[in-house]
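The first residue in the sequence is number 1, and the count goes up from there.
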Amino acid sequence: MKYLIIGAALILSATQLKSQEKVKTDSLYVEGVCEMCQQRIQKHAYGKGVKFAEWNLTNSYLTVAYNTEKTTMDDISKRVAKAGHTTSKHPHDKKGYENLPNCCKYESVEKH
């Protein structure tokens, strides 16, 4: 019985270590100017495999934690760019940018 409990504990801890290896945290520069941009960027960063997404208005970096078996930073960047926000990996989608509210058009508006 003792060996069964020890064996189960070893298997459980190995499983936890393996699942932690799949989750990666990374950052990406994303153009934006306000809290509305922040909400939109974070919303579009989330998708399959994304566990956490937070865009910092002060430094314009999006930090994400994601499962590397389900998504990539490139996929996350593409989703944000499609929503109209240029990233350090992809230019914004023209239609997505045109659909942004005027106060969020970062090419012509200062941060606020």
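- If you take CG on Leu62 and OG on Ser77, they are separated by 9.0 Å, rounding to the nearest 0.5 Å.
- Test Arg40, His90, Arg79, His92 against His85 for side chain to side chain donor-acceptor pair (under 3.5 Å) and you get one pass: Arg40.
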### Message
side chain to side chain donor-acceptor pair (under 3.5 Å) for Tyr29 and Thr86? Distances and angles first, verdict last.
### Response
CA-CA 8 Å; Tyr29 181 82; Thr86 296; over 6 Å; no
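- Contact detail for Trp55 and Val33: the closest heavy-atom pair is CH2-N, 4.1 Å.
- Under the 4.5 Å side-chain criterion, counting only non-hydrogen atoms from C-beta, Tyr66 is in contact with Asp26.
- For the atom pair SG (Cys104) and CD (Gln38), the distance works out to 11.5 Å, reported to the nearest 0.5 Å.
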### Task
Evaluate the side chain to side chain contact (heavy atoms under 4.5 Å, CB included) criterion for residues Glu54 and Gln42: first the C-alpha distance (whole Å), next the side-chain angles of each, then the deciding distance (0.1 Å), finally the verdict.
CA-CA 6 Å; Glu54 182 175 45; Gln42 291 174 179; 3.8 Å; yes
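- Heavy-atom minimum distance, Cys34 versus Leu57: N-CD1, 3.6 Å.
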### Task
Take Asn56 and Thr63 through the side chain to side chain contact (heavy atoms under 4.5 Å, CB included) test and state the conclusion after the steps.
CA-CA 8 Å; Asn56 185 305; Thr63 301; over 6 Å; no
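- Side-chain contact between Lys89 and Met73 is present, with heavy atoms from C-beta onward closer than 4.5 Å.
- Environment of NZ in Lys70: sparse, with no more than 12 heavy atoms of neighbouring residues, nucleotides or ligands closer than 6.0 Å.
- Within the model, atoms NZ of Lys95 and CD of Glu98 stand 9.0 Å from one another, a figure rounded to the nearest 0.5 Å.
- The two atoms that bring Ile41 and Val80 nearest to each other are O-CG2, 3.9 Å, heavy atoms only.
- Lys111 places a side-chain heavy atom less than 4.5 Å from the side chain of Ser60.
- Taking both residues in full, the closest heavy atoms of Val64 and Ala45 are given as CG1-CB, 4.4 Å, listed atom of the first, atom of the second, then distance.
- Counting non-hydrogen atoms of neighbouring residues, nucleotides and ligands closer than 6.0 angstrom, the CD atom of Glu107 exceeds 12 such neighbours.
- Within 6.0 Å of the NZ atom in Lys105, the count of heavy atoms belonging to other residues, nucleotides or ligands exceeds 12.
- When all heavy atoms of Cys103 and Val109 are compared, the pair lying nearest together is O-CG1, 3.7 Å.
- Across all non-hydrogen atoms, the minimal contact from Leu100 to Gly84 is CD1-O, 3.7 Å.
- Partner Glu69 forms a salt bridge (Lys or Arg N to Asp or Glu O under 4.0 Å) with one of Lys48, Lys22, Lys24 and no other, that one being Lys22.
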### Query
Can Tyr46 and Phe52 be said to form a ring pair (Phe, Tyr, Trp, His ring centres under 6.0 Å), step by step?
CA-CA 7 Å; Tyr46 274 100; Phe52 171 83; 7.7 Å; no
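- Two residues are said to be in side-chain contact when any heavy atoms from C-beta on lie closer than 4.5 Å; Val50 and Thr71 meet this criterion.
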